[in-house]
Amino acid sequence: QVQLVESGGGLVQPGGSLRLSCAASGFTLEHYSIGWFRQAPGKEREGVSCISSTDGSTYYADSVKGRFTISRDNDRNKNTVYLQMNSLKPEDTAVYYCARSRVIGCSDYVPDFASWGQGTQVTVSS
C-alpha cells in the first residue's frame, strides 16, 4: 500500500526554520519524483518544491527560492524526502503536503500528483 506521511510542522516565529519530513512506504522512493505543496485557508493548493527521480534535479516556486531546500534519502531504512525551510515568513503559513508524481520529472501541476499525505500544519507568527 502506497503511503506518504508528513511530519515536522509547527509554530515558528518569522525568520525561523523548520524541517518537514515525508516518509514513504509501499514503493521505492528513488523511482518517483516527489513534490511538496501547500494550501493556505481560502487559497488553492500550490506547488512549493519537487525533486526528480531521473537526475535528482530540483524545482522551487519563486516565492521560496533561496529559502527552502528539498532533499531525499533513498536508503530503504529512511525512504524519506525532506523540505528544509529557512527564513520563514508569515505568508508561508499553510498546510504542507507531499505527493508522488504520476509523470516523469518534476511538475507543479497538482493533477500530476497522487498518493497525497495527510498534511502538516506550518504556522509562522510572532
Side-chain angles (χ1 to χ4, degrees):
Q1 181 183 355
V2 174
Q3 190 174 21
L4 295 169
V5 179
E6 304 94 335
S7 62
L11 173 63
V12 64
Q13 292 186 341
S17 298
L18 284 173
R19 188 176 79 156
L20 305 184
S21 298
C22 172
S25 60
F27 67 99
T28 303
L29 185 64
E30 63 183 317
H31 293 168
Y32 292 89
S33 299
I34 301 294
W36 281 99
F37 293 77
R38 66 186 181 187
Q39 188 165 18
K43 294 188 176 182
E44 292 188 354
R45 192 168 296 189
E46 62 173 356
V48 174
S49 184
C50 178
I51 186 163
S52 174
S53 61
T54 54
D55 57 3
S57 58
T58 56
Y59 156 84
Y60 298 96
D62 287 342
S63 58
V64 306
K65 278 180 183 175
R67 300 189 297 122
F68 290 12
T69 303
I70 191 171
S71 62
R72 65 198 300 161
D73 188 335
N74 292 329
D75 182 280
R76 60 181 170 182
N77 293 320
K78 292 284 182 68
N79 226 34
T80 300
V81 174
Y82 303 98
L83 186 67
Q84 178 67 43
M85 306 188 299
N86 299 329
S87 302
L88 283 162
K89 305 175 181 180
E91 50 264 45
D92 294 319
T93 295
V95 178
Y96 283 71
Y97 301 89
C98 62
R100 190 180 79 170
S101 178
R102 300 191 290 182
V103 301
I104 296 175
C106 269
S107 164
D108 62 353
Y109 187 47
V110 171
D112 283 345
F113 290 81
S115 305
W116 295 83
Q118 82 291 346
T120 185
Q121 176 70 48
V122 171
T123 302
V124 185
S125 175
S126 55

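What you see is a predicted model; the values in this text were computed from it and never measured.
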Pair Phe113 and Phe37, ring centroids less than 6.0 Å apart
yes

For Ser126, enumerate each residue passing the side chain to side chain contact (heavy atoms under 4.5 Å, CB included) test, keeping only those at least two apart in sequence or located in another chain.
Pro14

What pairs with Ser57 under side chain to side chain contact (heavy atoms under 4.5 Å, CB included), at least two apart in sequence or on another chain?
Ser52, Asp55

Who clusters with [X]? Use side-chain heavy atoms, under 4.5 angstrom, across I, L, V, M, F, W and Y, and order the result by chain and number.
{"X": "Val12", "answer": "Val2, Leu4, Leu18, Leu20, Phe27, Leu29, Tyr32, Ile34, Trp36, Val48, Ile51, Tyr60, Val64, Phe68, Ile70, Val81, Leu83, Met85, Leu88, Tyr96, Val122, Val124"}
{"X": "Val5", "answer": "none"}
{"X": "Val103", "answer": "none"}

Think Arg38 forms a cation-pi with Tyr97, using NZ or CZ under 6.0 Å from the six-ring centre and within 45 degrees of its axis?
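No.
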
Is the Lys NZ or Arg CZ of Arg100 less than 6.0 Å from the centre of Trp116's six-membered ring, within 45° of the axis?
no

Can you find a pair of side-chain heavy atoms, one from [X] and one from [Y], that are under 4.5 Å apart?
{"X": "Gln84", "Y": "Ser17", "value": "yes"}
{"X": "Ser21", "Y": "Thr80", "value": "yes"}
{"X": "Arg67", "Y": "Asp92", "value": "yes"}

Backbone N or O of [Y] within a donor-acceptor pair of the [X] side chain at under 3.5 Å?
{"X": "Thr120", "Y": "Ser7", "result": "no"}
{"X": "Gln39", "Y": "Glu46", "result": "no"}
{"X": "Ser33", "Y": "Ser101", "result": "no"}

Should we count CD of Glu91 as having more than 12 external heavy atoms under 6.0 Å?
yes

Is atom CG of Leu11 surrounded by more than 12 heavy atoms (other residues, nucleotides or ligands) closer than 6.0 Å?
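For Leu11, atom CG is crowded (more than 12 foreign heavy atoms under 6.0 Å).
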
If you look at every heavy atom in Ala114 and Ala99, which pair is closest and at what distance?
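For Ala114 and Ala99, the tightest heavy-atom pair comes out as O-CB, 3.7 Å.
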
Applying side-chain contact (heavy atoms from CB on, under 4.5 Å) to Arg102 and Asp112, what does each step give before you reach the verdict?
CA-CA 5 Å; Arg102 300 191 290 182; Asp112 283 345; 5.7 Å; no

Worked check of side chain to side chain donor-acceptor pair (under 3.5 Å) between Tyr82 and Asp73
CA-CA 8 Å; Tyr82 303 98; Asp73 188 335; 4.7 Å; no

Under the disulfide (SG to SG under 2.5 Å) rule, what pairs show up with a residue in residues 96-126, not counting sequence neighbours?
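Applying disulfide (SG to SG under 2.5 Å) to every pair that reaches into residues 96-126, excluding sequence neighbours, yields Cys22-Cys98, Cys50-Cys106.
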
